[in-house]
Amino acid sequence: MSMRAAITLNGRPAQIDASGAERLSGVLRNQLGLTGTKTGCDAGDCGACTVLIDGEIACSCLVAAGQLDGCDVTTVEGLKANGSLSALQDSFLRHGAAQCGICTPGMLVSARALLDRNAKPSREEVEDALGGVLCRCTGYAKIIDAVMDAAAGPAAMNLPGRVGDRIRHVDGTPKVTGETMFGADRLPENAFLVRVIRSPHHHAGFTIGDKQAFLDNNPDLVAILDASDVTGQNLHGVIPPFADQPVFAEDRVLFKGEAIAAVVGEPEAVRAFDPDDFPVEWTLIDHQLLPSDAVGNGLPPVHETRDGNVLVRGLVKRGDAASALDQSEIRVSGQFSTPFIEHAYIEPEAGYAERVGDRIELHGCTQTAFMNRDEIALVLGIDAGSVRIVPSACGGGFGSKLDLSWQPYAALAAWKLKRPAAIAYSRSESMRSTTKRHPSEIEAEIGCDSSGRITGMRFDGTFNTGAYASWGPTVANRVPVHASGPYHVENYRADTTAVHTNCVPSGAFRGFGVPQSAIAQECLFDDLAEQTGIDPLDFRLINALDNGKPTVTGQVFETGVGIKPCLEALRERWIEACKETASFNREAENSGSSKRRGVGLGTCWYGCGNTSLPNPSTIRIGVKPDGSLILHQGAIDIGQGSNTVVAQIAADALGTDVSAFELVGADSDLTPDGGKTSASRQTFVSGKGAMLSAQSLRAQILRHANVSGDAKLAFGDGRVRISDKITTSQIELSELPVNDRGYVFMSEETYDPPTKPLDENGQGEPYALYGYGAQLVELTVDIGLGTVKLDRITAAHDVGKAVNPMLVEGQIEGGIAQGIGLALMEEFIPGRTENLHDYLIPTIGDVPPIESIIVEVPDAEGPFGAKGLGEHVLIPTAPAILNAIRRATGARVRHLPATPDKVLAAIREVRNND
Ligand code: FES
């Protein structure tokens, strides 16, 4: 039954038409067009949909709109003050508190409620007030700073925005007003809705029943799509030679959550449809969920063509690890494991497709426009030029939105039915069906001499790659290159195997397997330090890579190796923290307290870009006759800040202010290929493309004006003004011819990092540069309960050149938060933790104060010396936490997550052995 309610909405009277049970979030978004209120879970877990009702915060997904008659509702759209950004919104921009921006409306609304009561809140008060809203990007630090600093009022930031300037995000304003459009926010009015039917079984055969009879009984559904409707190839995969995942399974599903069909119809009908009513018969087949089950178990293989369920093996071999270990004075070894980790971006996958003549356009969230374009072309059986990908804002990706998810279903429906077709995954659908971080089972052994010098290392890692290949080959090949850590190891052997199971596919997730391998290496380094009696920081410095020393693949960098400066940057805090924890623990023992403190180290290195594969980015810049300066920047900004960083690099190289640019964001029709947003490559690779393109444009302009030297360029009013210390000249643009893109001056440059293939022993030059980092964790363990409280984290990261220090800090803080999740709480179990109340990610109260130390060891290859950072920052956190737990309690926790039960068991084991 329809109900009307009269409410006050953002200070104005409004009528809403709501049945008794309709969610307020749905009414706001679908009926009133207020898409600033985001929906991340529809269960009150993520807080993205937070609004104020009569001044109190509420998850609008849990509020029945029909109950609101007479209420006062405030959404993010109502937070402006007199039509301008409020002090709070400005503070979010000033502090870089909105990265992807999907959580920002919920954060802002919660903060507004707090500030209305308390204009100058403490950190604890902010944590309490914002505790119901999850953020997966920022690590919360800058959000806390922004709320605490809101009372300071708006402040101008009139920096030129050159390399090194701490400017606010160039695309930040719509994120704090709620105007940024994510995948589910903008839908054509006449769009059908699509809902995918998925397997409830890990492994099963199936037969779809009478589709026509089903449609006859459900007249508002217009079509059922299945494998027979795929007009091209019923197969996709991010690495074409390994493509193995059907859009729709044909007669057998290989994992719980795999797609078998999709229903399409009018939105209300599809929303009301119960997938359990879909006509399908299942025949269960034995399944294998662990690599140990999947290898040589006599069960039918997951893929007939992949022997022993092995997708791929990786190897790096240098010197003779076995005999070096045999001859080592000291040897340590261990077994380690990590579970599936869910990306848990706050925006579930969403978008729509629209057929435009003989072309198809896809609008929605993704990390890679051009890979999507090519994959969709194959699925539809059309050429790539007939596909246009227009990425929406992306509410977090972290690797998983590199793979196709929503796209083929929307595309097939729109292509076949010739009407726009939209799709928005639910939280549980997102978690059941999209890629995860690879679970790992690792055995490693490292030896050293009595002076602490590493003599040899052996590493064996098995990675559960799930039912389909996704990025499994990348993980298997990247890990052996990185498993040594940023250290000089002459005798080394690292083997990896990616094994298929009947689990959801594993794919890319910030670090591509390196966070898992670093846990083994860093924990064993602490064992060696203990056995040699050498301070753990010094032990790492003794072995750290340096300019001129070969990596485990035999690559030698003459400049840019920054691990030693990172470790040295932590020394002062390390010495202090060691003293403080020793003193605390002495007192705790004497007083009988159950609390023990520990301090631990972890380090990282990470090769930026693809491993020994082409990896180009192309950037176009043009000047129009009216003087506007257009930056075609196809590097998709998923919250990491490439829109800002690439523009800063271009501005510096061109010799102008960043505000001079109009940005044309990623669009496969309008921007050249900026490559995928992955592998920490955008600052480095697209940044270098932008630098080269800007330099080329500058050279054209200076040549035309016959000016040389350090001139500054300004664009506008139909001219380019060129001024140096002595003279100013100008080019009248309207008098000059334009090219076929409408530009008077235009440059387009491509950068592809120089790499060399790895040989059969993994020797070669896989990356043009690496970034480095070291983190120090201080924590307190309750030895009676096994609980761990993080007290403080200090992180030193070598970024070569910080293009924007504020964004660098944001990446460090966000990566650390994800590392905390990996270490202490996150574990995805297929079929069991498919929502955000059973799958826990760090909340605002779980992340301690973080001190970021930016180290700048310039790289000869990077633009202005810059290196990538995105993946690096997560890698050291988990091992540093484990090392700190061990130094606090003696307990070696080696199977993650280090939940209280595991910590307690490890403490008891130590005590029993004493
Ligand atoms: Fe918070 Fe992305 S900025 S989830």
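We count residues from 1, following the sequence as given. Hydrogens, waters and symmetry mates are skipped; everything else that's a heavy atom, side chains included, is used. Order of appearance sets the numbers: ligands from 1, and atoms from 1 within every ligand.
- Here 2 is the count of protein N, O or S atoms positioned under 2.8 Å from atom 2 (Fe) of ligand 1, waters not counted.
- Note: Trp471 and Phe512 have perpendicular aromatic rings, judged against thresholds of 30 and 60 degrees for the angle between ring planes.
- Relative orientation of the Tyr352 and His363 rings is parallel, given thresholds of 30° and 60° on the angle between their planes.
- Applying the side-chain contact (heavy atoms from CB on, under 4.5 Å) criterion to Asp90, with sequence neighbours excluded, gives Arg94, Pro154, Arg168.
- Asp128 contributes atom CG, which lies 12.0 Å from atom OG of Ser110 (distance to the nearest 0.5 angstrom).
- Glu429 and Ser433 are not linked by any side-chain donor-acceptor pair at a separation below 3.5 angstrom, with hydrogens and angles left out of the test.
- Ring planes of Phe398 and Tyr345: parallel class, angle under 30° (limits at 30 and 60°).
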